[in-house]
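The block underneath contains the structure these notes are about, expressed in structure tokens.
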Amino acid sequence: MQEKYTPADIERAAQQHWDETGAARAVEDHSKPKYYCLSMFPYPSGKLHMGHVRNYTIGDVLSRFHQMQGYNVLQPMGWDAFGMPAENAALANNVAPAGWTYSNIDYMRTQLKSLGFAIDWEREFATCTPAYYRWEQWLFTRLYEKGLVYKKLGTVNWDPVDHTVLANEQVIDGRGWRSGALIEKREIPMYYMKITAYAEELLAELDNLPGWPEQVRLMQKNWIGKSTGVRFAFPYEIDGRPEKLWVFTTRADTIMGVTFVAVAAEHPLAQRAAVNNPELAKFIEECKQGGVAEADIATMEKKGLPTGIFVTHPLTGEQVEVWVGNYVLMSYGDGAVMAVPAHDERDFAFALKYNLPIKQVVGVDGEFFSDQQWAEWYADKVKGTLVNSCQYDGLGYEAAVDAIAADLAAKNLGDKKVQFRLRDWGISRQRYWGCPIPIIHCPTCGDVPVPDDQLPVVLPENVEITGAGSPLAKMPEFYECKCPKCGGDAKRETDTMDTFFESSWYFLRYACPDNTTAMVDERVQYWCKGGIDQYIGGIEHAILHLLYSRFFTKLMRDVGLIGDLGEPFANLLTQGMVVAPTFYREGENGKKLWLNPADVDVVTDERGRPTGATLKADGLPVIIGGTEKMSKSKNNGVDPQSLIEQYGADTARLFMMFAAPPDQSLEWSDAGVEGAYRFLRRLWKLTHDHVQAGTVDAKIDQNSLSTAQADLRRKLHQTMQKVADDYGRRKQFNTAIAAVMELLNAYDKCDLADATGRALAQETLESAALLLFPIVPHIGQALYAELKPGQDAGLSTFPKADPEALKQDEIELMVQVNGKLRGAIRVAADADKASIEAAALASEGALKFMEGKPAKKVVVVPGRLVNIVA
RNA sequence: GCCCGGGUGGUGAAAUUGGUAGACACAAGAGACUUAAAAUCUCUCGCUCUUUGAGUGUACGGGUUCGAUUCCCGUCCCGGGCACCA
């Protein structure tokens, strides 16, 4: 065995061995339980970032651990290859999106391979190939025929200078990122997926996901947002015709406190009122300004204008004025809300601002209502009862809602209704680098789905990207076509699909990536039945991607493609973000130029707090931004390549797993990498020193161990238990590593010179190699082969604790007096409560701090401590 | 603004079911070895004080408990998501 740890050689040899033996190949085998371990596939942005290393190392640890536990493991990898960055790169560097994407994939595949992940590369695919996206076009046409895809108007960000639709990310402070123009909302026809038809099921199934983090289930639940309320109408007359203005509320109990109604700027009533009201028309025009992102709408100043139109209160018959409010969303519910300033905080602020009446209709005993100052209890559903509400006075929330809903129903003006916050999923994108929507627009037949025999609609790869509008819309050779129904001249749809479409079913395709005649086949049943065993990915995907994937699994079931697999992901591990500081300089036009942390030196004061930063290249100051998720747009990603090259894959993997538990966010810093490398070197040396003296049989007679040796052996077997629990149940790899470090610290201190000691040393080192193998497989493979020549660590069984070695005669208990630690006692492991109490009361610490007072109470916590209350 | 997390030494963190706060590391300091450097090894390391001991300490303010980093109420700060970044 060579004396020096040389990661480059070891890693090359191990990877070659795994390649040659097909160690990561996954084949359906019904004799073993399957374990499908999936990590969220990467967008091929150019090179791996730390988040990828973290994500895929977690997946690899779990895959390799389960392999050693006897499972038939599948760990696939692919590329989420459509998306905006390819078009941005095309613009910036004048390269074709396809070529850019494929060369990124080639580079990133090399990087992934150098990290030694046990990935079955024969299942790899990229979503931008027709072989993949043809199936989503095919599915799209099926769903279109079933009415689960439909067309309606949607609101987008419009850049009036570049004449193009912008993504929310491309709108910065209400302006287009390239043109700097003020962005407007614009309504265009789009295709929608009817996810709301599955709202009830998507909500209910959350309760059947015990393997998901509670926080993710809660976020999805709130996102779907089921609420029971009352939908009712305010009757009115306009242009001589009777009409109804519909609203939805979860607070029907406060209906007697309505003092105005607010509608969205796009609401027909607002449009009608603006016809002969120039001021209102101007306000509605103003409301179009700004982007469509909800965060912007929710944080902007609430503004409104009266329409001069009055509607009739359905219960009191009073006239109530209609206002246009910039905070009312047309896309949510009916685009109109009743306003009860007394019991809704936003309405209260709005009423104060515009001097609108505030009418209290809920009271709480002992509380005083002021129409000048908002108080939390005004909106409380539980504490209050109705006042100033005629026949409803004295009723509580539920009784009031019931009575009011019944009265509205009797007047045919409303009823109870279940409403969801979830909206249908708009999938049309006015962009090039995506899957073409397979629809043909015919002047006579209307929208016609592309027939199966004309699929796939192939995305042309030789295009010119200008940043103004979609290139496909400028390519007659793409959009000119014949109607499949009537054969007449027609126009192909030039919008592409949201890239979430690709990522909503890729996990099923890994089961059968080679199938050229069907989207999925029966192999999906083997790998995915009951759900993918472990899914790992960033917490930032907690809602959209995961919800869409759940939705697709149900859609595909209902189209008859996959039977009933259940939920797609049985167990979910949401990895915390790898975050890094951001740095920037401001350009001439105020645009921020983001600088990579690797190119910046941070200046700190004597306490280590950052006081400023300079660019390495020119030594001049840069501005420190916030600490944010590593991203291309903020240029704060750190390339792991230099880390791998300098220290090797095992050090990179070990350090990533040791730095923080997987679900916690990890702030990137170089410090600590050295420590991980040092540990591996030490592990290598300990094994080397032992092997030099000759390997021995690890069989041990428990009775021939010295006390110190028995303690070490107990620690070894405790460590086996702890590490298996950390990998399997807790998924906390940092503590598993710490446990092995502790074990080796103890090993170092123990005298193992005699024959029994040599056997114990052998057992300890063999176990350490296997315990760490899932995290650092290359060195694990090499050390195990030295300790047991001819043996393959990856094919070995994970170490299992021997109950004999775990036995302990005496244990230590802490002694507290009045909850403060005052000493410790040693007692027999099976000592009874009375003798423990006696020993504690007689202990030095207890005697000193009880100062002769009698014990009022003694609490014994078995195996832990004794607390004496004096 | 709304929804979901998080906050523990100089730093990353541990404490798994309410029971020894700071395991395991990083950084720093001191020492050993060495011609020297690197590497390695040993020791110190939350804060304060009257230092063989004691007080205090898990963002902040309250509460429940024999006992709270852990549970409850309120506040502040940081991160993620908010439907066209992926």
Side-chain angles (χ1 to χ4, degrees), chain A residues 40 42-43 45 80 83-85 88 154 156-157 165-171 213-216 218-219 221-223 225 291-300 302 327 331 346 421-431 498-500 503 538-545 547-548 574 576-577 579 607-609 626-629 631-633 658-661 663-667 669 671-676 678-679 681-682 685 722 725-726 729-730 732 734-735 737-742 745 812-816 818-821 824 856-859 861 863-869:
Chain A
M40 288 181 187
Y43 176 80
S45 56
D80 187 14
M84 236 172 31
N88 296 338
V156 295
N157 302 306
V165 176
L166 296 183
N168 285 338
E169 191 191 50
Q170 298 171 312
V171 179
E214 179 62 33
Q215 63 158 305
V216 176
L218 195 56
M219 279 192 258
K221 183 182 176 216
N222 291 337
W223 184 264
V292 299
E294 193 194 295
D296 296 335
I297 293 165
T299 49
M300 71 189 175
K302 309 287 176 284
Y327 60 92
S331 50
R346 190 180 57 188
R421 202 188 80 96
L422 183 68
R423 307 196 296 261
D424 277 339
W425 172 18
I427 55 161
S428 296
R429 297 291 180 270
Q430 298 67 48
R431 266 186 273 285
D498 181 2
T499 56
F500 272 122
S503 55
I539 183 71
E540 68 270 30
H541 295 291
I543 295 176
L544 292 178
H545 163 61
L547 189 64
Y548 293 150
T574 46
M577 224 80 45
V579 295
R607 286 184 201 161
R609 287 179 301 209
T627 298
E628 293 181 59
K629 136 177 124 164
S631 74
K632 201 141 180 88
S633 57
F658 188 54
D663 56 356
Q664 229 168 83
S665 70
L666 187 154
E667 189 169 338
S669 90
V673 177
E674 273 290 344
R678 197 177 303 151
F679 173 72
R681 241 177 7 218
R682 180 165 165 237
K685 185 174 181 299
K722 159 103 183 127
D725 188 47
D726 279 350
R729 181 182 62 91
R730 296 216 304 155
Q732 288 249 344
N734 54 334
T735 48
I737 296 164
V740 179
M741 287 176 168
E742 271 189 74
N745 289 345
E812 190 176 43
L813 296 180
M814 295 300 124
V815 177
Q816 292 184 341
N818 293 327
K820 283 188 180 157
L821 185 64
K856 284 184 205 146
K857 185 177 171 184
V858 181
V859 182
V861 183
R864 295 255 183 206
L865 57 73
V866 183
N867 187 18
I868 301 164
V869 186

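Bear in mind the structure is a predicted one, so any value in this text is a computation, not a measurement. Protein chains get the first letters and strands the later ones, always in sequence-line order, with residue 1 at the start of each.
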Under 4.0 Å between a side-chain N or O of [X] and OP1 or OP2 of [N]?
| X | N | value |
| --- | --- | --- |
| A/R678 | B/rA39 | no |
| A/R730 | B/rA15 | yes |
| A/N734 | B/rA25 | no |
| A/K857 | B/rG67 | no |
| A/T499 | B/rA86 | yes |

Roughly how many Å apart are [M] and [N], using the [atom1] atom of each and rounding to a whole number?
| N | M | atom1 | result |
| --- | --- | --- | --- |
| B/rA54 | B/rA59 | C1' | 27 Å |
| B/rA28 | B/rG81 | P | 35 Å |
| B/rG74 | B/rC2 | P | 14 Å |
| B/rU50 | B/rG6 | P | 41 Å |
| B/rA27 | B/rC66 | C1' | 40 Å |
| B/rA68 | B/rA21 | C1' | 11 Å |
| B/rG7 | B/rU69 | C1' | 11 Å |
| B/rC71 | B/rG10 | P | 25 Å |

Rounded interatomic separation in angstrom, taking [atom1] from [X] and [atom2] from [N]:
| X | N | atom1 | atom2 | value |
| --- | --- | --- | --- | --- |
| A/L865 | B/rU20 | CG | P | 6 Å |
| A/D296 | B/rC2 | CG | C1' | 13 Å |
| A/E667 | B/rG12 | CD | P | 7 Å |
| A/K820 | B/rG53 | NZ | C1' | 15 Å |

Where the side chain of [X] is defined as all heavy atoms beyond and including C-beta, which of [options] is the nearest nucleotide?
| X | options | value |
| --- | --- | --- |
| A/Y43 | B/rU16, B/rU56, B/rA86 | B/rA86 |
| A/N867 | B/rC84, B/rA86, B/rG19 | B/rG19 |
| A/Q664 | B/rC66, B/rA21, B/rA13 | B/rA13 |
| A/R431 | B/rC84, B/rG1, B/rA25 | B/rC84 |
| A/T735 | B/rC84, B/rA14, B/rU56 | B/rA14 |
| A/R864 | B/rG19, B/rA14, B/rG1 | B/rG19 |
| A/R729 | B/rC85, B/rU16, B/rC24 | B/rU16 |

* To do: Assign a letter to each nucleotide of nucleotides 69-83 of chain B from its 5' end: B, base within under 4.0 Å of a protein heavy atom; S, sugar-phosphate only; -, no contact.
  => ----------SSSBB
* Glycosidic class, syn or anti, of B/rG9 using a 90° window around 0 -> syn
* Going by modelled atom types, is there a donor-acceptor pair between the base of B/rC3 and the side chain of A/N222 at under 3.5 Å? -> no
* Quiz item: A/K722 side-chain donor-acceptor pair to B/rU16 base, under 3.5 Å -> yes
* To do: Please confirm whether the backbone N or O of A/L166 pairs with a side-chain atom of A/N157, one donor and one acceptor, at under 3.5 Å?
  => yes
* Would you say A/Q664's side chain and A/P661's backbone share a donor-acceptor pair under 3.5 angstrom? -> no
* To do: Could you label the plane-to-plane angle of the A/W425 and A/F500 rings as parallel, tilted or perpendicular, counting under 30° as parallel and over 60° as perpendicular?
  => perpendicular
* To do: Determine, stepwise, if the pair A/I539 / A/M219 fulfils side-chain contact (heavy atoms from CB on, under 4.5 Å).
  => CA-CA 11 Å; A/I539 183 71; A/M219 279 192 258; 4.0 Å; yes
* Asked: For A/Q816 and A/L865, which heavy atoms make the closest approach, and how far apart are they?
  -> NE2-CD2, 3.7 Å
* So what's B/rC43 paired with, Watson-Crick or G-U wobble, going by both distances under 3.5 Å? -> B/rG29
* Identity of whatever pairs with B/rC60 - Watson-Crick or G-U, under 3.5 angstrom -> B/rG74
* Asked: Strictly by modelled atom types, are A/S503 and A/D80 linked by a side-chain donor-acceptor pair under 3.5 Å?
  -> no
As an exercise, state the distance from [atom1] of [X] to [atom2] of [Y], rounded to the nearest 0.5 Å.
| X | Y | atom1 | atom2 | answer |
| --- | --- | --- | --- | --- |
| A/R346 | A/Y327 | CZ | OH | 5.5 Å |
| A/R429 | A/T499 | CZ | OG1 | 7.5 Å |
| A/I297 | A/K302 | CD1 | NZ | 10.0 Å |

